[in-house]
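The analysis underlying the following values was restricted to heavy atoms, covering all of them including side chains, and did not include hydrogens, waters or symmetry mates. The sequence lines fix the lettering, A, B, ..., with proteins before strands; numbering per chain opens at 1. Note that the structure is predicted; figures quoted are calculated from it, not measured.
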Amino acid sequence: MSISKITLLTIFIPIIGSLFIPLAGLISKRTRSVWAVLLAGTTALLPILLIPQAFSGTELIIRKALFPGFDFILVIDALSIFMSVVSSFIGLLIVIYSLGYIKDDANQNEYYLMVVMFIGSMMGIVYSANLVFLYLFWEISAICCWRLIGFYRGKQQVIKADKAFLVTFFGAALMLLGFIAIYNQTGTFDLTQMRGLAVSSTAVLLILLGMLSKSATVPLHTWLPDAGVAPTPVTAILHAAVLVKIGVYAFARIFCYTFQLPDFWLQTLPILAVVSSLVAAAAATVEHDMKRILAYSTVSQIGYIFLGFSMLNPLGVTGGLLFILMHGLSKAGLFLCAGVVEHNTHKRDIRELGGLIITMPITAITFLVCALSVIGIPPLGGFFSKFMVIAGTVHGGHYVAASLALFTALLTAFYLFRLFNAVFLGELKVSIVEKTPAMLFVIITLAVLSLLAGIFVSYPARFADVAALEILRYVK
Amino acid sequence: MNIDILLFPILLPLIFAVMGLFLKSKKLINYWAVLGSAAVLYCAYVLFGIKQASLVLPWLGHGIDFDLKLYGFNAAILLWVNIFTFLVVLYSTIKMETSTRIKEYYLYVFLTVMFANGSVLADNFVLFLFFWGGLLITLYMLIMLGNLNSYKTALKSLILLGLCDFCLLLGVVLLWKISGSLKISAISLEAQGLAMISFLLIMIGAIGKAGAMPFHNWIPDAAIDAPVTVMAFLPASLEKLLGIYLLTRISLDVFHFQMNSPVSIVLMTVGAITIVFAVMMALIQKDFKRLLSYHAVSQVGYMILGIGTGTPLGIVGGIFHMLNHAIYKTGLFLSSGSVELAAGTTEMKKLGGLMKSMPVTGLCFSVCALSISGVWPFNGFVSKEMIFHGSYETGYLIFTIAAWVGAIFTFASFLKAGHSIFFGAKSTEIPEVKENSWPVLVPMIILSAFCILFGVYSILPLKLFILPALSGHPEVLAELTFTHNLSLLNPIALISMGCLVIAFGLHYLGVKKGQGKAYLASEPVHNLPIIKTIYNLAENRVFDFYEQGVKLIKLLSKVIYYTVDRPIDFVYERVVTVTGRIVIFILRVLHNGRFANYLSWSLAGLMALGYVMGTLIKKAG
Amino acid sequence: MNIYILVALILFSVMAVFLRDLLKSAICLAVASIFLAVMFFRMGATYAGVFEVSVVAGLITVLFITVIALTNDDAKVPENKWPIIIFPVALAIFIIFDIWFMNKFIILPSKALPLLAQGEKFGDVLWGQRTFDLLGQIGVIFAGVFGVFAFFRRKTDE
Amino acid sequence: MVILFIILPLIIAGLLPLLGKVSKKVLPDFLANAVFALLLGYSFNFAWNASAGKTILSQVNLAGIPLGITLRLDALSLLMLFTIALVSLGVGIFSVNYINQEKYSSKPIYYSLLLLTVAGMNGIVLSNDLFGIYVFLEIAAIASYALAAYGLGKEELEGSFKYLMLSVVATSFILLGISMIFALTGTVELNGIASVLAYSKAIKIKYLIGICSALFIMGFGLKSAIVPFHSWMPDAYSKAPATLPAMSSGIMVKAAGLYVLIRLFYNVFGITPAVQTVLMYLGVISIVVGALLALGQNNLQRLLAYSSISQIGYMVVGFAIGTPLGFIGALFHMFNHGIFKSLLFLNSGSIENATGTRELDELGGLAKKMPVTAGTNIVASLATAGVPPLNGFWSKLIIIIALVQAKFYIFALIGILASVVTLWYFLIIQRRAFFGKLNETWKDVKEAPFWMSLSSIMLALICIILGIAFPWFIRLWIEPAANVLVAGIIR
C-alpha cells in the first residue's frame with residue numbers, strides 16, 4: 001500500500017465505517033462491539049505503518065482538486081504521523097475500555113458510532129493541510145462530543161453537552177473567520193503554500209480563540225470540567241487523550257509549522273499559557289468532584305503544551321509534542337481509573353470515598369503511576385515532557401513563566417495526591433471490588449505505557465525531534 | 001552483548017528488584033535481597049577500585065545524553081551508598097519479618113539503590129534529574145509501608161521534596177541556558193548573576209534532599225509513621241550522602257565561589273539555622289525515633305555550614321561529616337529499631353535500663369551517640385572540629401557559635417536519650433526484653449566500628465573517600481596536608497569540649513529537676529519563658545513549612561478559583577443567557593400579534609427605505 | 001355613452017361601500033371595476049383596461065371572497081356609522097393627493113403614452129399580448145375556488 | 001416546452017377535485033407526487049443547456065399561432081425550478097401520510113392548492129413580464145393563504161388572515177411599483193424595461209427608480225420576510241399544517257420574494273450602491289433579529305419561522321455583496337435553506353403527528369421513540385447552523401468569505417456570531433424535544449409513518465451528500481445561475 005492510500009484509509013475507514021455501526025447493532029450487540037473494536041484497531045494500526053515515512057524527515061503532500069481554494073490536501077509528515085499514532089492508539093484503548101464500561105447502558109449504537117467517528121475526525125484534523133477541511137473535521141469532532149457528553153440524556157448532561165458544543169463552536173466559528181481573513185490575504189486555504197507567511201494579529205487572535213476553546217484553555221475552559229457528566233471513557237477521550245489535543249495540534253500546525261507569529265503574540269502566549277495552567281490548577285485544588293478535578297488538571301496541563309509550542313524553539317516544541325503523548329497516556333489512565341471507581345461505587349464526590357486501595361489495589365496503583373507521570377516525576381514519561389517544556393521556556397528567556405509553570409507542577413502534585421488520598425487511602429467507606437477485566441486491562445496498559453514511555457523515552461523523543469525540526473523549518 | 005561495567009550498579013538492583021517480585025517464600029526473598037545488595041556492593045567495590053571510567057550513550061538529543069562518569073569522589077559515594085544498603089537490608093531481614101508487604105519493601109529498596117547509584121554516577125544533569133527524581137517515588141512508597149497514617153507523611157515528603165526537585169530542575173535548566181551544556185563535569189562557572197540564582201536553586205534541591213530547614217518537616221513525622229529501617233536507609237544515610245554529594249559537586253566543580261561571597265553566606269546561614277533550630281526541637285522530643293530524626297536534620301546543618309564556609313578545611317569537614325553522620329545516624333536508627341523490635345515501643349517514658357538485657361544494642365548506641373555528640377576520639381569529633389575551624393576562618397564568629405550551641409544540645413539530648421532508655425532504672429511498663437539476633441546486631445556493630453575507626457584513624461577515610469572530591473583543586477589539596485594531625489589542644493577544640501561539659505551540666509540539672517526521670521531532662525530548657533511559647537508554636541506546627549505552605553496554597557487556590565475561574569464560568573452560565581433573555585423579552589413584547597402593529601412596521605419600513613434610498617441616490621449624485 | 005358607464009361605475013362603487021352583506025358588496029366592486037375597465041378601453045387605454053380586469057375584477061374579488069370566507073363568523077357585527085362620515089372625507093383626500101401626485105408624474109415623458117394611442121382591440125390585446133395574464137387568471141380563479149372550498153368544507157362535511 | 005412547468009400543475013390542480021370523487025386518497029397522492037417528480041426530472045432536461053450559459057426565451061405557440069406568452073428560462077430560473085420541484089416533492093411525499101390527520105380531511109383540495117402554489121411559483125420564476133410575475137405571485141399567495149388556514153382552527157384562521165392582509169398591502173405596493181415602471185418605460189417585459197432603462201441616465205429617473213426599488217424591496221421583502229416586514233411569518237406558521245411552512249419558507253419566500261428582487265435589481269434595473277447598502281443592512285438586521293427571536297420561542301414552528309427570517313438575512317447579505325462569490329454563496333444557501341428548512345418544518349409535522357403538540361416544553365426525549373425524526377432533525381439543525389460537513393456550512397462559508405473579501409469585516413463577524421446563536425436555539429430544540437430523558441407522557445409515541453420518514457430521510461441525505469459533493473453541485477447548478485447575475489442587465 002502506498003503512503004497516500006494508507007493515510008486516506010486512516011481517515012475514512014473510521015468515518016465511513018462508523019456509519020455502519022448502527023447497522024451492525026441491528027444484527028447483534030456482539031457484532032457491533034467487534035466491528036467497533038475492529039475499526040478502532042485498524043485506525044490505530046494504519047498510522048504505525050507510516051512511522052518509517054516520519055523518520056525519513058520528508059513531508060508528503062496529497063492533493064485532490066475540488067474547487068479552487070477548497071482542494072482536499074493532506075500533509076503527511078512527522079508531526080501528523082506522531083499525532084495520529086498517539087491519538088488513534090489511545091482511541092483504541094478507550095473503545096476497548098468502553099466495552100466494559102457502558103455495557104449496561106442504552107443508546108450504545110450511537111455511542112460507538114460517535115466514538116469511532118470522533119477518532120476518524122481526529123485523523124482528518126491531523127492530516128488536513130487545508131484550513132477549511134481542518135475546520136470541517138474539527139466540527140465533526142465537536143458534534144461527536146456533543147452527543148457523547150449528553151450520552152446519559154439527563155437534563156444536566158444535555159445542558160452541559162450544549163454548553164460544550166456552543167463554547168467550542170463559538171471559538172471555532174471565530175477561528176473560521178480568522179481562516180477567512182488569511183484566505184483574504186493569500187487567496188488560498190492551503191497551508192503548505194503559506195509557510196513562513198507573516199499573519200496579522202487579528203487573524204491570530206481569532207484563530208487562537210478557536211484553539212483555546214477546543215483545548216479548553218482559560219478563559220474558554222469551563223466547558224471541560226462541566227463535560228465530566230459524560231461517561232468516563234468519553235471524558236477520557238475528550239479531556240485527556242484526544243479532543244483537547246486538537247487545539248494544541250492546530251496551534252503547532254498553523255502557528256509553528258505554517259505562519260510566523262507577530263511579536264506581540266510571541267510575548268503574550270507564554271503568559272496566557274501559564275496563567276491558564278495556574279488558574280486551572282487552583283480550581284482543581286478547590287473542587288471535590290473526582291472528574292472535575294481531573295478535568296481541571298487537563299486544562300492545567302494543556303497550558304504546558306501551549307507554553308512549549310509558543311516558544312518556537314526545538315526544545316519547547318519537542319517538549320510539547322512529547323507532552324501530548326505522555327499526557328495522553330497518563331491522563332487517560334487517570335480518567336479511566338476514576339471511571340473504574342465511579343462505575344463500581346457510583347460516587348464521584350471525593351468526600352464520600354476512601355480507602356479503596358484495599359479493595360481496588362490495581363486501580364489504586366495504576367492511578368498512582370499515572371498521577372506521578374502527570375506531575376512529572378521520573379522515571380515516568382511525564383518528567384521528560386515537562387522538563388523539555390520548561391527547558392524550552394527558559395531557553396526562550398521566559399524565566400518567570402518557567403518558574404510559575406513549576407509552581408503549577410507542585411500544585412498538580414498537591415491536588416492529585418489530595419485526590420489519591422481521599423479516594424484510595426484513609427478509612428474505607430464503600431466496599432466494592434474491581435470487576436470488568438476489559439477496563440482493568442486498559443488502565444494497566446496505560447500505566448505500563450506511561451512507565452515505559454519514561455524508561456524508553458529516547459524512541460518517542462527522536463520521533464518528536466524529527467517532527468519539531470520539520471515544524472520549525474521556517475521559523476526564524 | 002557487552003554491557004559497560006558502569007551500568008552494573010544501575011541494572012543489577014533493577015534485576016534484583018524485578019526478580020524479587022516472582023519469589024514466593026518470605027525466607028527466599030530475604031536471602032535474595034541480601035544476595036542482591038551484596039552483589040551490588042561488590043560491584044560498587046570493584047568500581048571504587050577502578051576509579052576512572054565513563055560511558056556516553058545517545059539519549060534524547062539536544063545535548064541530553066545518557067552520560068555516566070566515575071571518578072574518585074563519586075566512586076566513594078557509590079561505595080558508601082551500597083555499604084549502607086547492604087547493612088540495612090541485612091538488618092531488615094529480621095526487622096521487616098513481620099511485615100506483610102515485604103516484597104514491596106525490597107522492590108522499593110532495590111529501586112532506591114538503582115536511582116541512588118544512577119544519580120551518583122550520572123554526568124548529565126538530565127540523567128541526574130531522572131534518577132534523582134525517581135528517589136521521590138521510592139521514598140513515598142517506602143513511607144507508605146508504615147502505619148495507617150503514614151500516607152499523610154508520605155505525601156508531605158513528596159510535596160516538600162517535589163518542591164526541592166522542581167527548584168533543582170529550574171536551576172539545572174537555567175544553568176543549561178547559561179553554560180550551554182548539560183555535562184556536569186564540563187561546566188565551570190562563577191556564581192554570579194543568573195548563575196547565582198541557578199546555584200541557589202540547585203542548592204535548594206541538594207539541601208532539600210539532605211533534609212535541611214525548611215524542607216525537613218517530613219522527617220520527624222516519618223520517624224513515627226514509617227518503618228525504622230526506612231528511616232535508617234533514606235533520611236539517615238542515602239539522602240544525606242546524595243544531597244551533600246550534589247552540594248559538593250556544585251559548590252566545588254560546577255560553580256566557584258569565594259569565601260564570604262554572598263552564596264557562601266547564604267549557605268552558612270541555612271546551615272546555622274538548621275543546626276540550632278533542629279537541635280532545639282530534638283532536645284525536647286520524648287520519642288526516641290523522633291529525637292533521632294531531628295538530629296538527622298540538625299546534623300545536615302553542620303555539613304552545609306562546612307561546605308558553605310568555602311574554606312578547604314570547612315569543605316572537607318562538611319563532606320567528612322556527611323560520611324560520619326551517615327554512619328552513626330544509621331547506627332542510631334538501627335539501634336532504635338532494635339529497641340523497638342525488642343520492646344515494642346520507642347517512647348522514652350516507657351523505656352529504661354535496657355543496657356542489661358540488650359548490651360550489644362546499648363553499646364552500639366553509646367558509640368554512635370558519642371560520635372554524633374563529637375566526643376573525642378570518635379569520628380564525629382574530627383569532622384565537627386574541621387567545621388568549627390572552617391567556620392572560624394571565615395571570620396563570621398556567629399556561625400561558629402551556632403555550631404557550638406548545636407553541639408551542646410546535641411550532647412544534652414543524647415544524654416537524655418541514653419539515660420532514659422539504656423541506663424537508669426528499669427522500666428516496668430514493658431515486658432522482659434531480649435537481645436536481638438545477629439542480622440540486627442551485625443550492622444550496628446559494623447557501623448560502630450566504623451565510628452571508632454574513622455575517629456581514631458581519620459586520615460584513612462579522608463584519603464580514601466574525601467580528598468578525591470577535591471581532585472582538580474590542587475590549591476585546596478595543598479592546604480589540607482595538615483588535617484590528619486588536628487591536635488586536641490587548640491582553643492577551638494577546647495571550647496568544643498567545654499560545650500560538652502555544659503551539656504552534661506544541663507542534663508544533670510534537668511534530671512534533678514525531673515526527680516530522676518531522665519526523659520524529663522530537657523524540661524528546664526523547654527520551660528524557659530520565651531522559648532516555651534516558641535516551642536508551643538512549633539508543636540502546633542506554626543513553623544511547619546509544609547503545613548503553612550499547604551494553607552497558603554489552599555488559600556491561593558480558593559482566591560484564584562473564586563476570582564478567576566468562577567467569574568469566567570459565570571459569564572457563560574449567567575451573563576450570556578440572561579442578556580439573551582432580556583433582549584428576547586424585549587423583542588417578544590414588540591411582537592404582540594396585533595395586526596395594526598405589524599402593518600405600521602411595514603409602512604414605517606417603507607418610508608424609511610424611501611428616505612434612505614433618496615439620500616443615498618442624492619449622495620451618489 | 002361614457003357618462004352612463006361612469007354613473008354605473010359610481011353607483012356600484014357606492015353600493016360596494018354601503019352594502020351590509022360583504023359578499024354582495026364584493027361582487028358590486030367587481031362589477032364596478034369591469035365598468036372602469038370598459039371606460040379605460042373606450043378612452044384608448046387598452047392596457048389599463050386589461051390590467052384592470054385582471055387585477056380588480058379577477059384577483060381582488062377572489063381575494064375579497066377569500067377574506068370573507070376566512071372571517072366567516074356568524075357573530076353579528078354592530079353597524080357602524082363611521083363609513084358615512086369617513087367615506088366622503090377619504091374620497092376628498094384621495095382626490096387631492098391624486099392630483100398632487102399625478103401632476104408630478106405627468107411632467108415626465110412617459111414612454112407608455114404612444115402605446116396607448118394605437119387603439120387596439122380589447123380582444124387583441126388580451127389574447128395576443130397578455131395571454132399570460134389569462135393563464136394567470138385561470139390560476140387565480142382556481143386558487144380562489146379551492147380556497148373557498150377549503151374553508152367551507154367543514155360545513156359540507158357536516 | 002417550458003410552459004409545461006406552469007401548465008402541468010395547473011391542469012392537474014384543476015382535475016384533482018374531480019378525480020377525487022373517484023378515489024379519495026390514493027389517486028391524489030399519486031398524481032400530485034408524480035407531477036412533482038416529473039417537474040424535477042424535467043428540470044434536469046435543461047440543466048446542461050443552462051449550465052452552458054444559454055438563455056431560452058420561449059414564445060408559446062398554440063396550433064401554430066403565437067400566443068402572448070414569453071417565458072425566460074436561464075440558469076437562475078432553472079435553479080429555482082429545480083429547488084421548487086425538489087422541495088415540493090419532499091413535501092408531497094410527506095403529505096401522503098400527514099394529511100390523513102382528522103382535521104385536514106379532503107386530500108384532493110389540499111393537493112390542488114399545493115399544485116397551485118407550485119404553478120404560481122414556477123410562473124413567477126419563468127415569467128419574462130413584470131405583470132405576469134405579479135399575477136402568479138397572487139396565485140401562489142392565495143393558495144398558500146388557504147393552506148395556512150387548512151386546519152380551520154381559530155388561530156390558524158387568524159394567522160392566515162394576518163398573512164393575507166399584510167400580503168395584500170405588499171402586493172398593492174408592488175402593483176404601484178409596476179405601474180410606475182410601466183409608465184416610465186411603456187413596457188412590462190423584463191428585457192424591454194432593461195433596455196429602456198439602460199439608456200436613461202436622468203437624475204429624475206434615478207429617483208423614480210429609487211422609489212420603485214423601495215416599493216419592491218418592501219413588497220417582495222415582505223414576501224420574503226425580511227425584517228421589518230417579517231411579522232406575518234411566525235403567526236402564519238405557528239399553527240398551520242407543517243407542509244405549508246415547509247413550502248412557504250422552503251421555497252416561496254425565495255421564489256416570490258428574493259428571486260424577484262435579485263432578478264429586478266441585477267438583471268433589469270442594474271444594481272446601484274444604494275440598493276446594495278440598503279439590502280446589506282436589512283439582511284444583517286434580519287440575521288440578528290431573527291436569530292435572537294428564535295432563541296426565545298416555545299412553539300416549534302414559530303421558532304423555525306424566526307430562524308427562516310434569520311437565514312434569509314444571510315441570503316440577502318450574500319446577494320447584496322454583489323461579487324460572484326457572494327452570488328454563489330447566496331444562491332447555494334438559498335437552495336440549501338430550501339432543503340433543510342423544509343426538512344425542519346416537516347420534522348415538526350412528524351412530531352405533531354405523533355404527539356399532537358408543537359410546544360417544546362411539553363415534549364422531551366423523543367429521540368428514543370422517533371429515531372428517524374430525531375436523526376434527520378439533527379442533520380437539518382446542524383446544517384442550518386452551518387456546522388460542517390453539511391451543506392449549510394459551505395454556503396455560509398462562501399457568504400462569509402465573500403463578505404470578508406468585500407471588506408465587510410463587521411458584518412462577517414456578525415454573521416459568524418449569529419450562527420453561534422443559531423446553533424444555540426437548535427440545541428434548545430434538541431434538548432427540549434429529542435435529546436434528554438423521555439417524557440413519560442410520550443412513552444407510547446410511535447415513529448412517523450413510512451412516507452413521512454422517507455421524505456425526511458431523503459431531504460436529510462441531500463444535506464449530507466451536498467455537504468460532501470458540493471463542488472459538483474456548485475459547478476452544475478449554482479455557478480451558471482450566479483453567472484446570470486454577474487452578467488448584469490439582460491438584453
Heavy-atom distances under 4.5 Å only: say whether A:Leu176 touches chain D with side chain, backbone, both or neither. side chain
D:Ile478 side chain reached by D:Phe470 side chain, heavy atoms, under 4.5 Å: no
Side chain from CB out, backbone as N, CA, C, O: work out which of these in A:Ile143 comes under 4.5 Å of a heavy atom of chain D, or both, or neither. side chain
Tell me, for A:Ala142 versus chain D, whether the close heavy atoms (under 4.5 Å) come from the side chain, the backbone, both or neither. neither
Evaluate the side-chain proximity of A:Phe137 to A:Ile11: yes if any heavy-atom separation is below 4.5 Å, no if none is. yes
Find out whether D:Phe332 and D:Leu397 are in side-chain contact, i.e. whether some heavy atom of one side chain is under 4.5 Å from a heavy atom of the other. no
Under 6.0 Å from the CG atom of A:Leu26, do we count more than 12 heavy atoms belonging to anything else shown? yes
Against chain A, work out which of D:Leu417, D:Leu403, D:Leu438, D:Ile378 has the most heavy-atom pairs shorter than 4.5 Å and name it. D:Ile378
Below 4.5 Å, heavy-atom pairs only: which of A:Phe169, A:Phe179, A:Phe170 has the largest tally toward chain D? A:Phe169
Would you say the ring centroid of D:Phe473 lies under 6.0 angstrom from that of D:Phe335? yes
Assess the pair A:Phe189 and A:Phe133: is the distance between their ring centroids shorter than 6.0 Å? no
Report the residues that fulfil side-chain hydrogen bond (donor to acceptor under 3.5 Å, both in side chains) with A:Thr7, sequence neighbours left out, ordered by chain and then residue number. none
D:Phe435, part contacting chain A, at a heavy-atom distance under 4.5 Å: both
CG of D:Leu476 to CG of D:Leu79: how many Å apart, nearest 0.5 Å? 10.0 Å
Distance col, row A:Ile182:CD1 vs A:Leu177:CG, nearest 0.5 angstrom, shows 10.5 Å
Short donor-acceptor contacts under 3.5 Å linking chain A with chain D:
residue: A:Leu66; atom: O; partner: D:Arg475; partner atom: NH2; Å: 2.2
residue: A:Arg153; atom: O; partner: D:Lys437; partner atom: N; Å: 2.8
residue: A:Asp162; atom: OD2; partner: D:Arg431; partner atom: NH1; Å: 2.9
residue: A:Asn184; atom: ND2; partner: D:Val404; partner atom: O; Å: 3.3

